[in-house]
J.: 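Encoded as structure tokens, here's the structure I'll be asking about.
In what follows, every heavy atom counts, from backbone to side chain, and hydrogens, waters and symmetry copies are set aside.
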Amino acid sequence: MAFIFPSVRKERQLKADLDESYRRGPGKEDPGKPSVFQYYPDPDSIHSEVYKNKKMKVDRMEMARWKVPMHLRDYCAHLWIAKARCTHMANYAPWRCGHENHEWEECEMREIYERREEKKRIKELRRTGKL
């Protein structure tokens, strides 16, 4: 048996899990196994104040189809897809997709602000002993 580096083994396992989730289809996760992709907090966790009313506007299949980078699969992913679509249709001319780029950057800044506020809130709860 040939030696396989641990990183390669982990990458192969993640790919197998991803392929399995694609075969099952969107919304049909295996209940006994945690989701491979968990990029946004669980609504029942301590983050429920900020993320209670938020919904992902694109699913995993759509993000995979548009090759959204893993670090950008957040609540602004639908705007990144619109920006990527516009960039592709404009033959990568940077001046043609300014509006889509601005919308995506604004959403990302809003997300950063909300995360910062949530971190302050949790820190205050821990300091007062309520958490």
Side-chain angles (χ1 to χ4, degrees):
M1 187 168 160
F3 175 76
I4 300 174
F5 287 101
S7 60
V8 173
R9 187 178 303 127
K10 184 176 181 183
E11 184 179 320
R12 287 181 183 172
Q13 182 61 44
L14 284 173
K15 184 177 182 323
D17 291 345
L18 181 62
D19 291 344
E20 182 182 327
S21 69
Y22 283 164
R23 277 196 298 276
R24 264 191 253 108
K28 298 181 179 105
E29 266 94 34
D30 184 9
K33 188 173 187 182
S35 176
V36 177
F37 301 105
Q38 185 69 30
Y39 295 106
Y40 40 89
D42 181 27
D44 300 326
S45 70
I46 58 175
H47 301 282
S48 61
E49 300 262 335
V50 171
Y51 296 100
K52 189 187 323 182
N53 299 323
K54 286 194 159 206
K55 302 275 186 222
M56 289 292 289
K57 296 184 180 172
V58 289
D59 60 348
R60 291 183 201 159
M61 298 291 283
E62 187 77 11
M63 287 190 274
R65 190 169 71 96
W66 279 97
K67 298 178 181 154
V68 179
M70 294 293 182
H71 66 282
L72 296 177
R73 293 186 181 193
D74 55 5
Y75 290 105
C76 300
H78 63 287
L79 295 172
W80 189 91
I81 291 172
K83 182 180 93 141
R85 185 181 293 132
C86 176
T87 304
H88 180 72
M89 295 300 288
N91 292 326
Y92 302 95
W95 59 88
R96 291 193 178 165
C97 300
H99 178 67
E100 287 82 0
N101 193 29
H102 175 71
E103 283 183 343
W104 174 71
E105 287 175 350
E106 187 177 343
C107 181
E108 286 291 327
M109 290 304 294
R110 220 176 308 117
E111 278 292 309
I112 290 169
Y113 178 74
E114 288 174 2
R115 285 187 208 131
R116 188 181 327 132
E117 292 299 314
E118 184 67 10
K119 185 177 178 182
K120 285 180 189 175
R121 188 184 72 82
I122 292 171
K123 194 173 184 179
E124 183 63 26
L125 286 173
R126 286 189 177 141
R127 189 182 66 76
T128 59
K130 294 180 181 175
L131 184 65

J.: Does Leu72 have any side-chain contact (heavy atoms from CB on, under 4.5 Å) partners at least two apart in sequence or in another chain, and if so, which?
T.: Val68, Pro69, Trp80, Trp104

J.: Not counting sequence neighbours, which residues clear side-chain contact (heavy atoms from CB on, under 4.5 Å) with Glu105? List them please.
T.: Asn101

J.: My understanding is that only residues two or more places apart in sequence, or in another chain, count here; which of them pass side-chain contact (heavy atoms from CB on, under 4.5 Å) with Lys120?
T.: Arg116, Glu117

J.: About how many Å separate CE of Met63 and CE of Met70, when rounded to the nearest 0.5 Å?
T.: 9.0 Å

J.: Let me confirm one number: the CG-CE distance from Asn91 to Met89, rounded to the nearest 0.5 Å.
T.: 8.5 Å

J.: In Å, rounded to the nearest 0.5 Å, how long is the span from CZ of Arg60 to CZ of Arg73?
T.: 9.5 Å

J.: Do Glu100 and Thr87 come within less than 4.5 Å of each other through their side chains, counting heavy atoms only?
T.: no

J.: So, taking the atom named CZ in Arg121 and the one named CD in Glu114, what distance separates them when rounded to the nearest 0.5 Å?
T.: 12.5 Å

J.: By salt bridge (Lys or Arg N to Asp or Glu O under 4.0 Å), which residues pair with Glu124, not counting sequence neighbours?
T.: Arg127

J.: Could you tell me which non-hydrogen atom of Met56 sits nearest to which non-hydrogen atom of Tyr75, and how far apart they are?
T.: SD-CD2, 3.7 Å

J.: The criterion is side chain to side chain donor-acceptor pair (under 3.5 Å); which residues satisfy it with Glu62, sequence neighbours excluded?
T.: Arg65, Trp66

J.: So, using side-chain contact (heavy atoms from CB on, under 4.5 Å) as the criterion, who are the partners of Cys107 when residues are at least two apart?
T.: Cys76, Leu79, Arg110

